Protein chains: 2
Amino acid sequence: MDKKALFDKWVSFTTSVHQVTHELTQNAKSDSITPVQYNILEYITVSQPVTPSEISDCQHISMPNTSRELKKLSEKDLIEKLSDTEDRRKQYIRLSKEGETMMNEAFAIVESRFQSRIRNASKEDIEDIERAMDILQTKLFY
Amino acid sequence: MDKKALFDKWVSFTTSVHQVTHELTQNAKSDSITPVQYNILEYITVSQPVTPSEISDCQHISMPNTSRELKKLSEKDLIEKLSDTEDRRKQYIRLSKEGETMMNEAFAIVESRFQSRIRNASKEDIEDIERAMDILQTKLFY
DNA sequence: CTACTTACTTATCATTTGATAACAAAACTA
DNA sequence: TAGTTTTGTTATCAAATGATAAGTAAGTAG
């Protein structure tokens, strides 16, 4: 297989990943937050504590818009802001108790859908899947 | 590894896929179309000819909004609408010459970024990547 | 032929998102 | 200390997106 064919395969593969991700995550989030807010919360969940700048960089949202959305999340009591004691310009963002509860619920829905998707997979299948994800994450999606 | 751990790995994996996809595709599209319009064109590109209903289903856009965006793409001469001769309610959407040119340019940018990402991969790496994508597409992202 | 369904369109409205300018406060640097 | 950079905020505006109601035209079923 030449490199052009590998690219085509990559296109098809990523399309499938996006498709399935959408299936598993749709309607999992609470209606009280917007899609962008959910993405931010998801990022905070796996990376906390994070600064607004990091959120801005990783989620590709401008600082003013990041600040606005964080303010809204804060007003909804889903996150907490802590000032860095060293550099008082910086803030550390964490999920609040409520935010954690909300994200746990969302993740539980997604996980149950995920588990039912692999319900019929054999032990060998699971190991194959695991290995394949490791390979791709190391060699392609680093 | 238990199934919970596999789920965690899946979360991390899909996050990476989305991250890298974003890197490779950012600014590849023409400024004259919106992100949603690009997604629609991308779908048409790989699946043409398609009906508005199929676009609506697969891209998760309501029929009224799909219709609106297709109208805009049509006004920009990027797509062509053909009525089905059998069932005259149906339409078949295809890229126009201009639409193809635009999508070819976008894909060329993405592909060159993709190729430079795997520039350092050995022949074995390429084969591993290829196999891993096959496995995941068959067993997980079907 | 009538009623119902399907495929798509038009119009309208509210919300979300993205972009920009202007600002403030803290930290760094020469 | 004066000027610069970093980090974040506020305000404002335009564009993109999502949702809904109402309508048309073609096909289908009784």
Side-chain angles (χ1 to χ4, degrees), chain A residues 18 22 25-44 47-76 78-94, chain B residues 18 22 25-44 47-76 78-94 102 106:
Chain A
H18 284 81
H22 185 272
T25 56
Q26 74 180 330
N27 304 330
K29 75 163 186 59
S30 155
D31 286 340
S32 66
I33 57 174
T34 70
V36 167
Q37 284 166 10
Y38 178 80
N39 290 338
I40 292 174
L41 286 181
E42 200 174 64
Y43 177 66
I44 297 172
S47 311
Q48 61 185 339
V50 290
T51 65
S53 308
E54 287 168 339
I55 296 172
S56 171
D57 283 352
C58 297
Q59 299 294 303
H60 315 99
I61 306 172
S62 69
M63 270 304 292
N65 292 336
T66 302
S67 183
R68 176 185 60 199
E69 298 308 321
L70 288 177
K71 190 181 177 189
K72 289 178 187 167
L73 290 172
S74 199
E75 284 164 355
K76 291 173 187 166
L78 296 170
I79 61 169
E80 283 162 5
K81 299 180 178 183
L82 298 165
S83 301
D84 188 331
T85 47
E86 307 261 297
D87 183 341
R88 281 152 53 211
R89 290 170 307 179
K90 282 191 189 168
Q91 293 189 348
Y92 290 113
I93 312 286
R94 292 194 143 284
Chain B
H18 284 81
H22 184 274
T25 56
Q26 73 179 331
N27 304 328
K29 74 163 187 59
S30 153
D31 286 341
S32 65
I33 57 173
T34 70
V36 167
Q37 284 166 9
Y38 178 80
N39 290 338
I40 292 175
L41 287 181
E42 202 174 63
Y43 177 66
I44 296 172
S47 312
Q48 62 186 337
V50 289
T51 65
S53 306
E54 287 168 340
I55 295 172
S56 171
D57 283 351
C58 296
Q59 298 294 303
H60 314 100
I61 305 172
S62 70
M63 270 304 290
N65 292 337
T66 302
S67 182
R68 177 184 60 200
E69 298 309 320
L70 288 176
K71 189 181 177 188
K72 289 179 187 167
L73 290 172
S74 199
E75 284 164 355
K76 291 173 187 167
L78 295 170
I79 61 169
E80 283 162 3
K81 299 181 179 184
L82 298 166
S83 301
D84 188 331
T85 47
E86 307 260 297
D87 183 341
R88 280 152 51 211
R89 291 169 307 178
K90 281 191 190 168
Q91 294 190 347
Y92 290 113
I93 312 287
R94 292 196 143 282
M102 171 184 281

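A, B, ... follow the sequence lines: proteins, then strands. Residue 1 opens every chain. Reckoned from all heavy atoms, side chains included, excluding hydrogens, waters and symmetry mates. All values derive from a computational prediction rather than experimental measurement.
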Compare the minimum distances between each of [options] and the side chain of [X], then state the nucleotide with the smallest one.
{"X": "A:Pro64", "options": "D:dT17, C:dT10, D:dA11", "value": "D:dA11"}
{"X": "B:Ser67", "options": "D:dT9, C:dC8, C:dT9", "value": "C:dT9"}
{"X": "A:Thr34", "options": "D:dT20, C:dT17, C:dA21", "value": "C:dT17"}

[X] [atom1] to [N] [atom2]: how many Å, rounded?
{"X": "B:Lys71", "N": "C:dA7", "atom1": "NZ", "atom2": "P", "value": "22 Å"}
{"X": "A:Glu54", "N": "D:dT6", "atom1": "CD", "atom2": "C1'", "value": "14 Å"}
{"X": "B:Asn65", "N": "C:dC8", "atom1": "CG", "atom2": "P", "value": "15 Å"}
{"X": "A:Met63", "N": "C:dT20", "atom1": "CE", "atom2": "C1'", "value": "15 Å"}
{"X": "B:Ile79", "N": "C:dC8", "atom1": "CD1", "atom2": "P", "value": "12 Å"}
{"X": "B:Arg88", "N": "C:dT9", "atom1": "CZ", "atom2": "P", "value": "15 Å"}
{"X": "B:Gln59", "N": "D:dT17", "atom1": "CD", "atom2": "P", "value": "12 Å"}
{"X": "B:Tyr38", "N": "D:dT17", "atom1": "OH", "atom2": "C1'", "value": "19 Å"}

### Query
Do B:Asp87 side-chain and C:dA7 base share a donor-acceptor contact under 3.5 Å?
no

Which pair of heavy atoms, one from [X] and one from [Y], lies closest together, and at what distance?
{"X": "A:Leu73", "Y": "A:Gln37", "value": "CD2-CB, 3.9 Å"}
{"X": "B:Gln59", "Y": "B:Ile40", "value": "OE1-N, 4.4 Å"}
{"X": "B:Thr66", "Y": "B:Pro52", "value": "CG2-O, 3.7 Å"}
{"X": "B:Tyr38", "Y": "B:Lys29", "value": "CD1-CB, 3.5 Å"}

### Side-chain ion pair, B:Glu69 and B:Lys72, N-O less than 4.0 Å
yes

Within the structure shown, what part of the strands sits under 4.0 Å from [X] by heavy-atom distance: base, sugar-phosphate, or nothing?
{"X": "A:Thr51", "value": "sugar-phosphate"}
{"X": "B:Gln37", "value": "nothing"}
{"X": "B:Pro35", "value": "sugar-phosphate"}
{"X": "A:Glu69", "value": "nothing"}

### Any B:Lys81 side-chain N or O less than 4.0 Å from OP1/OP2 of C:dT9
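Looking at the OP1 and OP2 atoms of C:dT9, one of them is under 4.0 Å from a side-chain N or O of B:Lys81.
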
### Query
Should A:Arg89 be listed as having a side-chain N or O under 4.0 Å from OP1 or OP2 of C:dA27?
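It does not, given that no N or O in the side chain of A:Arg89 lies less than 4.0 Å from OP1 or OP2 of C:dA27.
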
